[in-house]
Amino acid sequence: MATLNQANLYHAVRDNTAWGNLDPSKAEALLQDAGDYIRSRYSVRAVLTTDEQRLLDQAVYRLAGIFQTNPPAGAAMPSIKSEKKELAGMKKEVEYNPADPDPYPYITAIVRSLLRADTSHTVLMGKVTG
């Protein structure tokens with residue numbers, strides 16, 4: 001379980017002085033938001049080894065630090081790839097870049113080994129004997 005003391009140590013070792021200056025209640029809120037994001041985005045196994053839990057906690061600390069300066073958006077805003085305008089007919093075309101499906105690829109890489117196996121596509125074949 002991610003704790004404020006461990007998060008403080010994690011960020012202190014990485015020279016994130018801005019984290020050390022946070023009000024403890026704000027830091028706790030960021031940790032909660034990061035943990036909620038990871039649990040809602042990834043299907044993390046319910047039972048983890050001590051080392052796996054440490055890895056998950058570090059992902060929470062890292063993401064909380066990211067949320068400190070760059071809070072997650074409610075919805076990804078597409079970026080403009082190109083924009084064309086015509087004056088006479090007032091025609092305007094805008095082409096958007098596709099939204100990034102994974103805004104935190106580093107977190108995904110950390111959490112990948114902790115995910116539940118996908119059993120939704122499993123086909124079991126066998127012979128029933130009686």
* To do: Start with the C-alpha gap between Asp57 and Tyr10, add the side-chain angles, then the distance that decides, and say whether side chain to side chain contact (heavy atoms under 4.5 Å, CB included) holds.
  => CA-CA 10 Å; Asp57 291 346; Tyr10 177 91; over 6 Å; no
Would you name the heavy atoms of [X] and [Y] that are closest together and state the gap between them?
X: Leu4; Y: Leu31; result: CA-CD1, 3.8 Å
X: Ser113; Y: Leu55; result: OG-CD2, 4.1 Å
X: Ala59; Y: Val111; result: CB-CG2, 4.1 Å
X: Tyr104; Y: Asn70; result: OH-O, 4.3 Å
X: Tyr42; Y: Thr108; result: OH-OG1, 2.6 Å

* Asked: Between Tyr61 and Thr3, is a side chain to side chain contact (heavy atoms under 4.5 Å, CB included) present by the stated rule, with each step listed?
  -> CA-CA 9 Å; Tyr61 305 146; Thr3 67; 4.2 Å; yes
* To do: Answer yes or no: is there a donor N or O on one side and an acceptor on the other, between the side chain of His11 and the main chain of Ala18, under 3.5 Å?
  => no
* Apply the test side chain to side chain contact (heavy atoms under 4.5 Å, CB included) to residues Arg45 and Leu114: give CA-CA distance (whole Å), side-chain angles for both, the deciding distance (0.1 Å), then the verdict. => CA-CA 6 Å; Arg45 287 182 275 119; Leu114 310 176; 4.3 Å; yes
* Asked: So is Arg62 actually on top of Tyr106's ring, under 6.0 Å and inside 45° of the axis?
  ->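 Yes, Arg62 and Tyr106 form such a contact.
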* Asked: Given the rule in the side chain to side chain contact (heavy atoms under 4.5 Å, CB included) test, do Asn16 and Gln68 qualify, once you have shown the distances and angles that lead to the verdict?
  -> CA-CA 11 Å; Asn16 182 354; Gln68 177 185 0; 3.7 Å; yes
* Asked: Would Ser25 and Asp23 count as having a side-chain donor-acceptor pair, cut-off 3.5 Å?
  ->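 Yes.
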* Asked: Taking NZ, NE, NH1 and NH2 as the nitrogens, is one of them in Arg39 or Asp36 under 4.0 Å from a carboxylate oxygen of the other?
  ->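 Looking at Asp36 together with Arg39, the answer is yes, because their closest N to O distance falls below 4.0 Å.
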* Kindly indicate whether the side chain of Arg41, heavy atoms from C-beta on, has any atom under 4.5 Å from the side chain of Pro103. =>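 With C-beta onward as the side chain, the pair touches.
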